[in-house]
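Note sheet for the following structure.
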Protein chains: 2
Amino acid sequence: MRKGAETRERILEIAEASVLAKGFGATSIEEVIAEAGITKSGFFYHFKDKNELARALMLRYVEENDRIFDDVFHRGRQLSDDPLQSFLITLKLLAELMGDLPNGHPGCLIATFTYQERLFDRSVREIAASAVRSWNGRFRDALNEIASVYPAHKDMDLDDVAIMFSCVIDGGIIMSRGLGDPRVLERQILAFRSFVKMLFAPAAPDIMLPPAHTAVAAE
Amino acid sequence: MRKGAETRERILEIAEASVLAKGFGATSIEEVIAEAGITKSGFFYHFKDKNELARALMLRYVEENDRIFDDVFHRGRQLSDDPLQSFLITLKLLAELMGDLPNGHPGCLIATFTYQERLFDRSVREIAASAVRSWNGRFRDALNEIASVYPAHKDMDLDDVAIMFSCVIDGGIIMSRGLGDPRVLERQILAFRSFVKMLFAPAAPDIMLPPAHTAVAAE
DNA sequence: GTGAAAACCATACCGCCGGTACAGTAAATT
DNA sequence: AATTTACTGTACCGGCGGTATGGTTTTCAC
């Protein structure tokens with residue numbers, strides 16, 4: 001029972017790496033099982049077909065990302081009571097997290113999957129879409145909280161700003177990979193962070209530095 | 001001779017749509033030739049293997065995008081002498097272009113390819129990387145021109161802002177697709193446009209409205 | 001109009017892969 | 001000790017990427 005879960009996890013790990021490097025269609029089950037050290041029968045014991053592998057990969061990815069966001073938002077809120085400062089800290093932590101990855105970000109499963117939508121059934125696409133909506137909702141909530149305290153720039157829709165963060169992350173991953181420079185993603189997140197700062201502190205950004213005990217992570 | 005070019009073009013058209021819907025690895029040559037109404041021999045007359053198809057797809061995509069950027073930047077410069085206004089017009093035109101696509105943006109080949117890098121040889125990846133660098137350079141040049149006239153916000157690196165635009169486009173395409181809402185991309189470009197406005201006109205954006213004869217496209 | 005090059009078609013074949021089917025087995029759990 | 005879990009082994013099917021080879025039609029240059 002526990003051994004089965006371990007094998008399953010190993011399969012998912014190997015398959016995810018392959019999917020992010022070659023795409024789902026080009027990910028061969030035979031390669032995966034060779035690397036995992038099991039037989040084809042063993043694979044189909046855990047996943048009845050390739051589509052169920054896709055669903056499992058997606059669920060796993062969404063859950064792990066949820067955990068990361070939970071953590072980083074939680075720590076942001078711990079380090080400051082001010083919604084703006086807390087969000088800026090969260091963004092800084094995220095940027096650090098991305099910069100600390102030795103080989104750069106491994107890739108966003110949601111991005112690959114949306115570029116291969118025809119390969120998956122509705123359920124897989126729904127998992128991805130609702131996860132994206134949930135993350136965008138998180139960002140928007142954080143922005144709304146800030147906007148209830150700080151005056152926001154008028155001609156910016158906060159919904160769009162929230163979605164833009166998702167765009168910057170996914171786009172940043174693509175740019176990092178395509179340009180072969182892992183630090184692009186980190187810089188992009190920090191650039192978005194400056195954008196948020198500017199959005200809520202257009203006139204005199206120096207005024208709203210965080211209190212001393214939260215200043216370390218915020219700047 | 002001319003007929004050959006037509007067939008080749010038809011193959012590329014069909015293959016591109018398939019690649020953007022299923023990925024390169026899952027794009028079957030047999031499906032492509034069936035839709036194109038040719039035989040397998042006919043296909044391999046034009047492309048000696050699948051990798052050469054990939055290279056041709058990439059070259060075609062880069063050239064078309066170059067044309068689009070040429071056009072939209074040229075028209076932006078035509079409509080205003082002011083570098084900021086001209087860039088804002090360019091962004092507006094781009095947003096309109098994206099919004100007018102009936103089924104949403106078909107997808108960015110560069111994005112798919114970077115998520116399937118292991119399938120292509122170095123030459124294909126180099127074409128993609130240098131194209132991205134060239135487009136980022138265009139944006140950065142436009143921003144530098146603006147910065148030579150308008151004071152820019154200090155803690156924003158213009159290189160990062162330029163790359164961010166690429167991120168917003170690629171991310172916007174993914175979000176549009178994933179959320180099933182084609183208008184997200186247009187809104188994201190316009191949001192980035194507001195960001196640029198804010199970046200160069202933080203204190204009093206109303207002051208620098210364009211002269212009357214360029215006002216239509218700019219706002 | 002003719003010859004040559006270009007643009008294909010037809011057929012046959014190889015090996016890999018996704019997937020199915022089914023029979024068997026070692027280990028963990030109850 | 002019985003049962004479930006977690007696999008292995010073997011055999012097979014059809015589809016696909018790719019190669020090879022030889023033939024046929026269309027187009028263009030002269």
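The basis for the numbers below is simple: all heavy atoms, side chains too, and nothing from hydrogens, waters or symmetry mates.
Using cut-offs of 30° and 60° on the angle between ring planes, the pair Phe192(A) and Phe195(A) is perpendicular.
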Task: Test log, rule side-chain contact (heavy atoms from CB on, under 4.5 Å), inputs Met98(A) and Arg183(A) - done: CA-CA 8 Å; Met98(A) 300 303 175; Arg183(A) 293 161 66 196; over 6 Å; no

TODO: Tell me, with the steps shown, if Arg133(A) and Glu126(A) meet salt bridge (charged side-chain N to carboxylate O under 4.0 Å, His left out).
DONE: CA-CA 10 Å; Arg133(A) 271 191 283 266; Glu126(A) 251 316 304; 3.7 Å; yes

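Here the C1' atom of nucleotide dT5(D) and the CD1 atom of Ile38(A) are 15 Å apart, to the nearest Å. Rounded to an integer number of Å, the gap from Arg8(A) CZ to dC7(D) C1' is 15 Å. Regarding Glu9(A), its CD atom lies at a distance of 17 Å from the C1' atom of dA6(D), rounded to whole Å. To the nearest angstrom, C1' of dT5(D) lies 14 Å from CD of Glu6(A). Rounded to an integer number of Å, the gap from Tyr45(B) OH to dA5(C) P is 12 Å. The distance from atom CD1 of Ile33(B) to atom P of dA10(C) is 11 Å, rounded to the nearest whole Å. As a whole-Å value, the separation of Ile11(B) CD1 from dC8(C) C1' is 10 Å.
At dA6(D), none of the side-chain N or O atoms of His46(A) fall inside 4.0 Å of OP1 or OP2 (strictly under the cut-off).
For residues 160-182 of chain A, the side chain to side chain donor-acceptor pair (under 3.5 Å) pairs, not counting sequence neighbours, are Asn136(A)-Ser166(A), Asp160(A)-Arg187(B).
The nearest pair of heavy atoms linking Phe73(A) to Ala142(A) is CE2-CB, 4.1 Å.
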Between the protein and nucleotides 16-19 of chain C, list the N/O to N/O atom pairs that are separated by less than 3.5 angstrom.
| from | atom 1 | to | atom 2 | distance (Å) |
| --- | --- | --- | --- | --- |
| dG18(C) | OP1 | Thr27(A) | O | 3.2 |
| dG18(C) | OP1 | Ile29(A) | N | 2.9 |
| dG18(C) | OP2 | Ile29(A) | N | 2.9 |
| dG18(C) | OP2 | Glu30(A) | N | 3.3 |
| dG18(C) | N7 | Lys40(A) | NZ | 3.2 |
| dG19(C) | OP2 | Lys50(A) | N | 3.3 |
| dG19(C) | N7 | Lys40(A) | NZ | 3.3 |
| dG19(C) | O6 | Lys40(A) | NZ | 3.3 |

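Within 6.0 Å of CZ on Arg75(B) lie no more than 12 heavy atoms contributed by other residues, nucleotides or ligands.
Axis angle across the helix from dG1(C)-dC30(D) to dT30(C)-dA1(D), with five pairs used at each end and values rounded to 10°: 30°.
Distance CE/Met175(B) to CD1/Ile110(A): 7.5 Å, rounded to 0.5 Å.
Salt-bridge formation is not detected for the pair Glu117(A)/Lys22(B): no Lys NZ or Arg NE/NH1/NH2 atom is positioned less than 4.0 Å from an Asp or Glu carboxylate oxygen.
Checked by atom type, the side-chain pair Ser86(B)/Ser80(B) shows no donor-acceptor distance below 3.5 Å.
Checking Ser41(B) against Ser41(A), the closest nucleotide of DNA chain C that is more toward the 5' end is the one next to Ser41(B).
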